[in-house]
Amino acid sequence: MRGASLLVVFLVAKLAIVWGHTAPLTCLALLAYMWQDAMIALAFAALDISLEKMGATTRIAWAIYWAVAIYAAINIPVGRVVFTPLTWPMLRAARGPLADSMLEYVTASNVLLVVAVLAAAAGLPRLLGQVPRQLVRMGLVCTIAMVFLGAMAGSRVDTRGMDRNVITALIGGRLPRVTARAGADDWRESHFQTDRATEDLARFAGSAKGFNVVIVSLESTAAQYLPLYGALNDGGHDVMPNLSTLGQRALVFENAYAVYPESIKGLFSVLCSTFPAFDSRPEEYENVECSSVAEVLADAGYRTAMFHSGRFGYLGMEAIIHRRGYQTLEDAGDIGGNHNSSFGVDEPATVARILAWIDGLPRGQRFFLTYLPIAGHHPYATPEHGPFAGTAEIDQYRNALHYGDASLGALIEGLRARGLEQNTFWVVYGDHGEAFHQHEGNYGHTFLLYDENVHVPFLIAAAGLMRRQERVRKVVSLVDVAPTILDLMGIPSRANYQGRTMLDGAPRMALFFADYSLGLLGLRDGPWKFVYEVGSGRAKLFDLERDPRELSDVSAREAARVSWYGQVVRDWCVAQKSYVARSVAR
């Protein structure tokens, strides 16, 4: 009865996760959601019987039973928040720096659900042991039928990945979902003649020659929350007033997209103008060929530095930043700070350290500075109260952005006070977005590819060059940052860059992917937004001009566009996988 008990445990745990989420309640949908749970329970039952026939002690079967039951119970708080079972990338990310975030979900309701499932796991074997054998055989036949029918139903029902059993999700994360294959280098040329903005900004090329450069990568900052991008002020407060002020004399790109909705590999795309690869670890990028923008400017005589309010040790970040041309690298451990969290230190301490570094440079020394704040990262805690009085997480998030923006203002004012305003230009962008259930099951940033995950603010500001705000509608990608910086400075771009300068007038698509849970590939082409699910082959297409909230999938009436976009993202994905694999093998 251990196999049957485990099946019930799976089903109760999944019910606890799905409850409260919008899910179809048809027979077909139920089969689609349950068949993998039935398959794993059958596999365990077969193992249990085999162990018994081999004369093995029942302790082995009980140990496996409890290990799986406990793991299913642990998945409940995770699934209730992000609507996915745990995967290997998620387990890898659950390290010390996320301790404060994880503690947020040790709630009474989650603890009660976990305990209830474990209590069911304890009582079910004895209870089901009293079921007549005839009913047991009927249950076995029904379970086998559930597996076969559910597998077919899964192709017709969009379960958003919740058909996966906790074990299949874990195993699936260790299996290759994309096979490496060589291909062409440029995947961003559209096949369609669409109404795409193609502003030519070539007049700015070389205009910042000899300028200092400051890059600010705003943590978890989606464009849609900022008044600079049309968001309504909440209670009369600007979420990021200093950024809005900086944007008054800047190129403000309205359609900029992160390559990947996570900070570490996203930073690689910015510094090296190279797409990361699907299902890859940051440590693999240590050997990927890269002439980072920091390295290019160091060779040109610039002093280069990166300051991070977080910790370089998180998720293999050292492989991304070491040996990339930074002469100074300091994180939370070097900076110290007045307020510490599991993720890092307070922003004022980091800004003070940056200004001290600038003060230590020889007079007239040009510099390239990268500032990576952490304000905006979950759990959105700040040392000071912000102007947004609500108690919802979105209000805490806005306060965190506002707190980080104050330090951005202090850094801007610090450079102005040192007489550096007129010969410094700023590149400020969101490393990725942040979701608050705008779409079912979309929370945080790493799992899906809606605009709240990947549409980010991007601006280039230079008081010495720009007298007004100029809004740029064309689609750009953060992989374009390095060549754009070099173009502004009149320095030739590197041949191995996969990005292109944003100053030219040529249209291009933005490409992006997510692989923490479901494997998702996507692109933005003019007004069109396309998302493809690797495992199921499902595709969604949105017309963002008519449907900016991505609520209406129009893929059914745009078959030719969907087919071509699907081929593009698949070919791009496997080619980039091959590119990174070849670099790692060298």
* **SB check D480 R188 (cutoff 4.0 Å)** => yes
* Tell me, with the steps shown, if E470 and R203 meet salt bridge (Lys or Arg N to Asp or Glu O under 4.0 Å). => CA-CA 13 Å; E470 184 172 344; R203 66 187 184 280; 2.5 Å; yes
* Compare all side-chain heavy atoms of Y371 with those of E347 and state whether any distance is below 4.5 angstrom. => yes
* Structure fact -> Closest non-hydrogen atoms of N453 and P261, given as atom of the first, atom of the second and distance, are O-CB, 4.0 Å
* To do: Identify the two heavy atoms, one from P282 and one from A319, that lie closest to each other, and give their separation to 0.1 Å.
  => O-CB, 3.5 Å
* Counting only N and O atoms by type, is there a donor-acceptor contact under 3.5 Å from the side chain of S190 to the main-chain atoms of D525? -> no
* Asked: Does Y71 reach the side chain of I167, with side-chain heavy atoms less than 4.5 Å apart?
  -> yes
* Derivation and outcome, side chain to side chain contact (heavy atoms under 4.5 Å, CB included), residues N255 and F458 -> CA-CA 8 Å; N255 294 301; F458 184 89; over 6 Å; no
* In chain order, what residues pass the ring-ring contact (aromatic ring centres under 6.0 Å, His included) check against F447, with sequence neighbours excluded? -> none
* Just wondering, do R524 and L544 contact through their side chains at under 4.5 Å, heavy atoms? -> yes
* Is K265 positioned over the aromatic face of Y260, cation under 6.0 angstrom from the ring centre and no more than 45 degrees off axis? -> yes
* Asked: Given the rule in the side-chain hydrogen bond (donor to acceptor under 3.5 Å, both in side chains) test, do Q327 and Y302 qualify, once you have shown the distances and angles that lead to the verdict?
  -> CA-CA 10 Å; Q327 297 147 351; Y302 279 69; over 6 Å; no
* **Contacts of type ring-ring contact (aromatic ring centres under 6.0 Å, His included), residue F312, not counting sequence neighbours** => H308
* Structure fact -> ring-ring contact (aromatic ring centres under 6.0 Å, His included) filter on F368, not counting sequence neighbours, yields none
* Going by the angle between their ring planes, with limits at 30° and 60°, are Y565 and F530 parallel, tilted or perpendicular? -> tilted
* Between CD of E434 and OG1 of T446, what distance do you get to the nearest 0.5 Å? -> 9.0 Å
* To do: Look at the side chain of Q224 and the backbone N and O of L226, then say whether any donor-acceptor pair between them is shorter than 3.5 Å.
  => no
* Would you say R561's side chain and E558's backbone share a donor-acceptor pair under 3.5 angstrom? -> no
* CG-CG distance between L408 and L401, expressed to the nearest 0.5 angstrom -> 11.5 Å
* **W564-F192 aromatic ring centre distance below 6.0 Å** => yes
* To do: State, with a plain yes or no, whether a side-chain heavy atom of Y403 is found less than 4.5 Å away from one of D346.
  => yes
* Check: L521 and E533 side chains under 4.5 Å, non-hydrogen atoms -> no
* To do: Quick one: list whatever passes ring-ring contact (aromatic ring centres under 6.0 Å, His included) with F512, sequence neighbours left out.
  => Y257
* Between Q567 and Y532, does a side-chain hydrogen bond (donor to acceptor under 3.5 Å, both in side chains) hold up when you go through it step by step? -> CA-CA 10 Å; Q567 193 62 53; Y532 175 84; over 6 Å; no
* Asked: Do the side chain of D405 and the main chain of N242 share a donor and acceptor less than 3.5 angstrom apart?
  -> yes
* Report the distance from atom CG of L415 to atom CG of L369, rounding to the nearest 0.5 Å. => 8.0 Å
* Structure fact -> OG (S517) and CZ (R160) are apart, to the nearest 0.5 Å, by 12.0 Å
* Asked: Got a salt bridge between R471 and E254, using NZ or NE/NH1/NH2 to carboxylate O under 4.0 Å?
  -> yes
* Shortest non-hydrogen separation from A575 to W187 and the atoms involved -> CB-CZ2, 3.5 Å
* Test: K540 and E550 ion pair at under 4.0 Å -> no
* Backbone N or O of E219 within a donor-acceptor pair of the T221 side chain at under 3.5 Å? -> yes
Table please: side-chain donor-acceptor pairs of residues 209-217 below 3.5 Å, with sequence neighbours left out.
| residue | atom | partner | partner atom | Å |
| --- | --- | --- | --- | --- |
| N212 | OD1 | F367 | N | 3.0 |
| N212 | ND2 | T424 | OG1 | 3.4 |
| S217 | OG | Y429 | OH | 3.4 |

* Looking only at heavy atoms, what is the nearest atom pair of I374 and V345, with distance? -> CD1-O, 3.7 Å
* Asked: Taking C-beta and beyond as the side chain, do R164 and L518 meet within less than 4.5 Å on heavy atoms?
  -> yes
* Asked: Which pair of heavy atoms, one from A400 and one from G376, lies closest together, and at what distance?
  -> CB-N, 3.7 Å
* Structure fact -> In terms of heavy-atom contacts, Y497 and S291 come closest through OH-O, 2.5 Å
* Counting N and O atoms only, with roles assigned by atom type, does the side chain of Y397 sit under 3.5 Å from a partner on the main chain of S220, one being a donor and the other an acceptor? -> yes
* Steps toward side chain to side chain contact (heavy atoms under 4.5 Å, CB included) verdict (V82, M90) -> CA-CA 11 Å; V82 295; M90 292 168 67; 4.2 Å; yes
* Asked: Counting distance only, does the side-chain N/O of S273 pair as donor-acceptor with the main-chain N or O of G499 below 3.5 Å?
  -> yes
* Asked: For V574 and F278, what are the C-alpha separation, side-chain angles and deciding distance, and is it a side chain to side chain contact (heavy atoms under 4.5 Å, CB included)?
  -> CA-CA 8 Å; V574 297; F278 194 88; over 6 Å; no
Donor-acceptor pairs under 3.5 Å, side chain of residues 487-496 to any protein atom, not counting sequence neighbours: which ones?
| residue | atom | partner | partner atom | Å |
| --- | --- | --- | --- | --- |
| D487 | OD2 | T501 | OG1 | 2.8 |
| R494 | NH1 | P492 | O | 3.0 |

* Lys/Arg N to Asp/Glu carboxylate O, R473 vs E199, below 4.0 Å -> no
* To do: Please tell me if the side chains of C272 and Q498 come closer than 4.5 Å, counting only heavy atoms from C-beta onward.
  => no
* Does K474 reach the main-chain N or O of A506 with its side chain, forming a donor-acceptor pair under 3.5 Å? -> no
* Counting N and O atoms only, with roles assigned by atom type, does the side chain of E295 sit under 3.5 Å from a partner on the main chain of V293, one being a donor and the other an acceptor? -> no
* Is any side-chain heavy atom of L218 less than 4.5 Å from a side-chain heavy atom of D431? -> no
* Asked: Between S477 and R508, is a side-chain hydrogen bond (donor to acceptor under 3.5 Å, both in side chains) present by the stated rule, with each step listed?
  -> CA-CA 9 Å; S477 168; R508 80 287 304 270; over 6 Å; no
* Residue among N442, L520, L523 satisfying side chain to side chain contact (heavy atoms under 4.5 Å, CB included) with L449 -> L520
* To do: Check whether any side-chain N or O of S269 sits under 3.5 Å from a backbone N or O of T274 as a donor-acceptor pair, and report yes or no.
  => no
* Will you find, in the side chains of E452 and H439, an N or O donor that is under 3.5 Å from an N or O acceptor? -> yes
* Structure fact -> The reported gap from OH in Y285 to CD in E318 (rounded to nearest 0.5 angstrom) is 16.0 Å
* To do: Rounded to the nearest 0.5 Å, what's the gap from OG on S280 to CZ on F268? Could you check?
  => 9.0 Å
* Is the charged tip of R353 near the ring of F307: under 6.0 Å from the six-membered ring centre and within 45° of its axis? -> no
